[in-house]
2 protein chains.
Amino acid sequence: MPGFKKRFCGLRRHWLELYLLLLIAEKPSYGYELSTKLKDFGIIISGTGQMGNLYRILSQLEVKGFVKTDWDTQESGPARKIYIITDSGLLFLRDAMDSVIEMEKTTEKFIKRYKELNKKT
Amino acid sequence: MPGFKKRFCGLRRHWLELYLLLLIAEKPSYGYELSTKLKDFGIIISGTGQMGNLYRILSQLEVKGFVKTDWDTQESGPARKIYIITDSGLLFLRDAMDSVIEMEKTTEKFIKRYKELNKKT
DNA sequence: TATAATATATGTAAAATACATATATATGAC
DNA sequence: GTCATATATATGTATTTTACATATATTATA
């Protein structure tokens with residue numbers, strides 16, 4: 001009755017989770033750094049509001065068990081919460097590749113059909 | 001103060017709107033038919049609940065002025081509400097192509113980086 | 001001693017999603 | 001004739017997500 005009712009509802013959230021998991025899988029990292037690395041995938045995090053949402057998504061990845069965390073107090077400045085991928089996270093990422101591949105095919109088809117539409121006009 | 005505060009919040013909704021606008025631009029159509037044509041873009045509409053959401057998105061496309069409608073009572077069976085693209089809708093579609101092209105690039109990059117990640121492991 | 005950059009986190013109104021439900025027409029089965 | 005099914009459109013609403021404001025703390029530098 002309680003627990004998780006839904007799988008992938010919102011896509012934006014879904015993609016953001018995948019981008020973050022890939023970045024973390026490549027190299028353990030922390031929220032502030034990840035926010036800049038997201039540029040690789042065309043995501044610009046601007047303003048504290050958006051940062052806040054990013055932190056919330058990260059903490060939920062932890063709740064789901066896809067990442068674990070470790071505080072880094074070595075560097076100067078405020079402590080950093082380092083996110084490290086788990087086996088469960090890697091598995092989730094692997095399974096999610098299907099949807100990424102489908103999205104690539106879909107966008108490709110969409111662009112092709114849009115061009116065809118404009119040829120006729 | 002009132003009016004539209006946001007642009008593209010949810011991606012899922014955003015994509016669905018674009019798919020529908022392209023399909024309607026290709027050929028005027030109605031909700032029930034569009035629900036089957038969405039398969040072209042990997043979207044499976046199943047159950048009356050999902051159909052209901054589709055109709056709501058269509059009616060909001062009309063509110064935004066991207067489509068206009070016309071009732072078709074010629075065919076047998078229940079009347080069909082035919083959606084026809086407007087100039088405003090075509091303009092919106094054209095402007096949105098940037099985000100489609102970016103999504104294609106992003107997914108391509110994502111797949112490449114995921115493969116590279118697994119090479120090392 | 002400000003101010004800016006770095007770093008994490010919560011509060012919440014508004015919007016989107018998932019799914020149930022309501023309604024109506026036509027066709028074929030029995 | 002009436003029952004089930006396919007066709008067709010639409011609304012109600014609890015839950016979840018989004019957008020953005022706000023809170024808090026550390027270090028560097030001007």
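The figures that follow rest on heavy atoms only: side chains count, while hydrogens, waters and symmetry mates do not.
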Atom pair distance, as rounded to whole Å: [atom1] in [X] and [atom2] in [N]:
X	N	atom1	atom2	answer
B:Gln60	D:dT11	CD	C1'	12 Å
A:Arg80	D:dT27	CZ	P	12 Å
A:Lys81	D:dT24	NZ	P	18 Å
B:His14	D:dT18	NE2	P	14 Å
A:Arg13	C:dT17	CZ	C1'	13 Å
B:Leu16	C:dA16	CG	P	12 Å
A:Met51	C:dT6	CE	C1'	10 Å
B:Tyr55	D:dT11	OH	P	12 Å

Testing the basics here: between [X] and [Y], what is the closest heavy-atom pair and its distance to 0.1 Å?
X	Y	answer
B:Leu21	B:Gly89	CD1-O, 4.3 Å
A:Gln50	A:Ile45	OE1-CA, 3.6 Å
A:Ser29	A:Leu34	OG-CG, 3.6 Å

Ring centers of A:Tyr30, A:Tyr83 separated by less than 6.0 Å
no
Would B:Leu90 and B:Phe66 count as a side chain to side chain contact (heavy atoms under 4.5 Å, CB included) here? Give the steps.
CA-CA 7 Å; B:Leu90 283 172; B:Phe66 297 156; over 6 Å; no
Nucleotide-resolved protein contact map, nucleotides 20-29 of chain C, B/S/- at heavy-atom distance under 4.0 Å
BB--BBSS--
Taking A:Phe110 as the starting point, is it possible to reach B:Leu91 by hopping between hydrophobic residues whose side chains are less than 4.5 Å apart?
no
Look at the side-chain heavy atoms of Ile, Leu, Val, Met, Phe, Trp and Tyr, link any pair under 4.5 Å apart, and say whether A:Ile101 and A:Leu22 land in one connected group.
yes
Only pairs at least two apart or in different chains count here, so list each salt bridge (Lys or Arg N to Asp or Glu O under 4.0 Å) that has a residue in residues 87-114 of chain B.
A:Glu26-B:Arg113, A:Asp40-B:Arg113
Are the charged groups of A:Arg80 and A:Glu33 less than 4.0 angstrom apart, N to O?
no
I need the residues from residues 29-44 of chain B with at least one non-hydrogen atom less than 4.0 Å from DNA chain D; give them sorted by number, or say none.
B:Tyr30, B:Gly31, B:Tyr32
